[in-house]
Amino acid sequence: MRRINGTALVIAALVATVGALAFPVWSYADRSGTGPANLAAGTVNTRWGPLSASDRDLIVRVRLAGLWELPAGQQAIERAPTKAIKEAGDHLIVGHTDLDKRVRIIAAQLGVELPNQPNEQQQGWLDELTAAQGKDYERKFANLLRSAHGKIFPAIGAVRNSTRNTLVRQLASDANQTVLDHITVLEKTGEVDFDAIANDTAAGATASPTGPPPPTVGSSPASAPPAVPSGDVDVSSSPSPAAPGEVNTGRPDPTGDPAGEVG
């Protein structure tokens with residue numbers, strides 16, 4: 001009898017040990033501070049898929065962008081210092097009028113509250129543009145807006161990649177087109193300071209740069225062969241819907257009431 005009880009105790013101890021080792025693995029995703037736990041904590045379910053905190057942040061940021069970039073574009077057209085600045089202002093107005101309608105429809109569907117005024121930093125940028133004159137105005141207009149678009153560009157891509165909500169995914173796709181169009185037209189003004197943008201980006205980086213080694217001065221690398229499919233393949237799509245250096249933002253108008261559900 002003692003032998004049986006001893007064996008049972010050993011087996012019980014082994015089971016308890018294995019359970020203790022396995023429990024942290026099973027419960028890791030639910031522990032506070034982990035990625036899955038943080039995602040779940042800020043997520044609500046909707047009929048269009050889970051809506052995360054980063055999804056809601058993008059919705060608000062798209063709305064905020066229009067609240068200051070649209071009046072900045074209007075100011076550029078009214079001042080019209082050059083044809084290129086006027087064209088950039090035109091694109092800002094058209095793009096953000098379209099995006100604003102889309103984001104208001106989506107926010108109403110998802111129950112996300114939107115701001116109605118630019119934030120303090122954005123209002124400061126508008127005040128800075130209003131106070132500038134002549135060439136200083138042209139430089140500030142191009143660089144303030146180019147910098148702002150450049151910073152939201154990767155954020156849009158991150159949400160487009162990770163969102164599980166179909167409405168947010170479509171908004172991210174639309175915003176991506178519009179932001180790239182605005183970046184392109186702002187750069188065409190010839191006033192963008194790319195050195196300042198590069199230095200600002202580098203100042204915020206924490207990791208060492210990576211990539212292939214720098215080229216050797218005075219030598220040319222071997223020509224790379226073209227990347228093509230093997231054999232005959234029937235294809236029908238085009239590499240880009242617009243001419244090189246242009247962004248096609250043409251898309252159907254959004255449908256629905258920005259104050260309520262889409263019909």
Side-chain angles (χ1 to χ4, degrees), residues 30 32-75 89 91-130 144-145 147-183 204 249 251-263:
D30 297 326
S32 176
T34 64
N38 292 340
L39 177 63
T43 299
V44 295
N45 291 323
T46 77
R47 57 188 274 201
W48 297 276
L51 182 72
S52 70
S54 60
D55 293 339
R56 297 191 297 275
D57 179 65
L58 178 65
I59 292 171
V60 171
R61 290 180 70 177
V62 169
R63 167 68 169 175
L64 280 171
L67 291 177
W68 87 276
E69 291 175 22
L70 198 153
Q74 181 176 347
Q75 185 184 73
H91 280 239
L92 291 175
I93 292 174
V94 172
H96 283 292
T97 298
D98 174 77
L99 271 187
D100 190 71
K101 182 174 183 180
R102 294 174 190 275
V103 78
R104 286 185 294 117
I105 291 173
I106 289 174
Q109 291 175 287
L110 297 174
V112 177
E113 184 177 357
L114 295 176
N116 293 317
Q117 297 292 333
N119 62 32
E120 184 177 353
Q121 183 182 49
Q122 292 167 334
Q123 187 58 55
W125 291 335
L126 285 171
D127 294 341
E128 193 174 343
L129 288 174
T130 300
L144 284 173
L145 285 152
S147 177
H149 282 83
K151 288 176 180 176
I152 197 174
F153 199 38
I156 293 170
V159 172
R160 178 63 178 79
N161 173 61
S162 65
T163 186
R164 295 168 288 170
N165 188 284
T166 56
L167 295 183
V168 174
R169 190 175 300 120
Q170 183 59 55
L171 177 65
S173 295
D174 293 338
N176 182 72
Q177 284 182 296
T178 299
V179 170
L180 182 56
D181 171 63
H182 292 176
I183 285 175
T249 57
R251 51 187 174 242
D253 288 335
T255 58
D257 182 2
E261 290 279 334
V262 169

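Side-chain atoms are counted along with the backbone in the values below, which use heavy atoms only and exclude waters and symmetry mates.
Under the 3.5 Å distance criterion, with hydrogens and angles disregarded, no donor-acceptor pair is assigned to the side chains of Thr178 and Asp98. In this structure, a donor-acceptor pair under 3.5 Å is absent between the side chains of Gln177 and Asp181. A donor-acceptor contact under 3.5 angstrom links the side chains of Ser52 and Asp55, judged on distance only.
If you take CD1 on Ile156 and CZ on Arg61, they are separated by 8.0 Å, rounding to the nearest 0.5 Å. Going from atom CG of Leu99 over to atom CZ of Arg104 covers 11.5 Å, rounded to the nearest 0.5 Å. Between the CD atom in Glu69 and the CG atom in Leu67 there is a gap of 10.0 Å [rounded to 0.5 Å]. Atoms CG and OG1, from Asn165 and Thr46 in turn, are 4.5 Å apart once rounded to the nearest 0.5 Å. Interatomic distance, Leu58 CG to Ile152 CD1, rounded to the nearest 0.5 Å: 6.5 Å. One distance of note links CZ of Arg102 with CG of Asp174; it measures 4.5 Å at 0.5 Å rounding.
Arg56 places no side-chain N or O within 3.5 Å of a backbone atom of Leu110 that could act as its donor or acceptor partner. Checked by atom type and distance alone, the side chain of Thr163 never pairs as donor or acceptor with a backbone atom of Val159 at under 3.5 Å.
In this view, Gln122 satisfies the side chain to side chain donor-acceptor pair (under 3.5 Å) rule with no residue, not counting sequence neighbours.
Between Pro254 and Ile105, the shortest heavy-atom contact is CB-CD1, 3.9 Å. The minimum heavy-atom distance between Pro71 and Gly66, with the atom names listed, is CD-O, 3.7 Å. Of all the heavy atoms in Leu129 and Ala72, the pair that sits closest is CD1-CB, 4.1 Å.
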Could you walk me through whether Thr249 and Val94 pass side chain to side chain contact (heavy atoms under 4.5 Å, CB included), step by step?
CA-CA 10 Å; Thr249 57; Val94 172; over 6 Å; no
For side chain to side chain contact (heavy atoms under 4.5 Å, CB included), just list the numbers for Leu167 and Gln109, CA-CA rounded to whole Å, side-chain angles, deciding distance to a tenth of an Å, and then say yes or no.
CA-CA 9 Å; Leu167 295 183; Gln109 291 175 287; 3.5 Å; yes
Under the side chain to side chain contact (heavy atoms under 4.5 Å, CB included) rule, what do Gln121 and Leu64 come out as? Steps first, then yes or no, please.
CA-CA 11 Å; Gln121 183 182 49; Leu64 280 171; over 6 Å; no
Before you tell me yes or no, could you show the steps for Arg63 and Asn116 under side chain to side chain contact (heavy atoms under 4.5 Å, CB included), namely the whole-Å CA-CA distance, both residues' side-chain angles and the distance that decides it to 0.1 Å?
CA-CA 8 Å; Arg63 167 68 169 175; Asn116 293 317; 2.9 Å; yes
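Residues Gln74 and Leu92 form no side-chain contact, since every pair of their non-hydrogen atoms from C-beta on lies 4.5 Å or further apart.
For residues 92-127, the pairs satisfying ring pair (Phe, Tyr, Trp, His ring centres under 6.0 Å) are Trp68-Trp125, His96-His182, with sequence neighbours left out.
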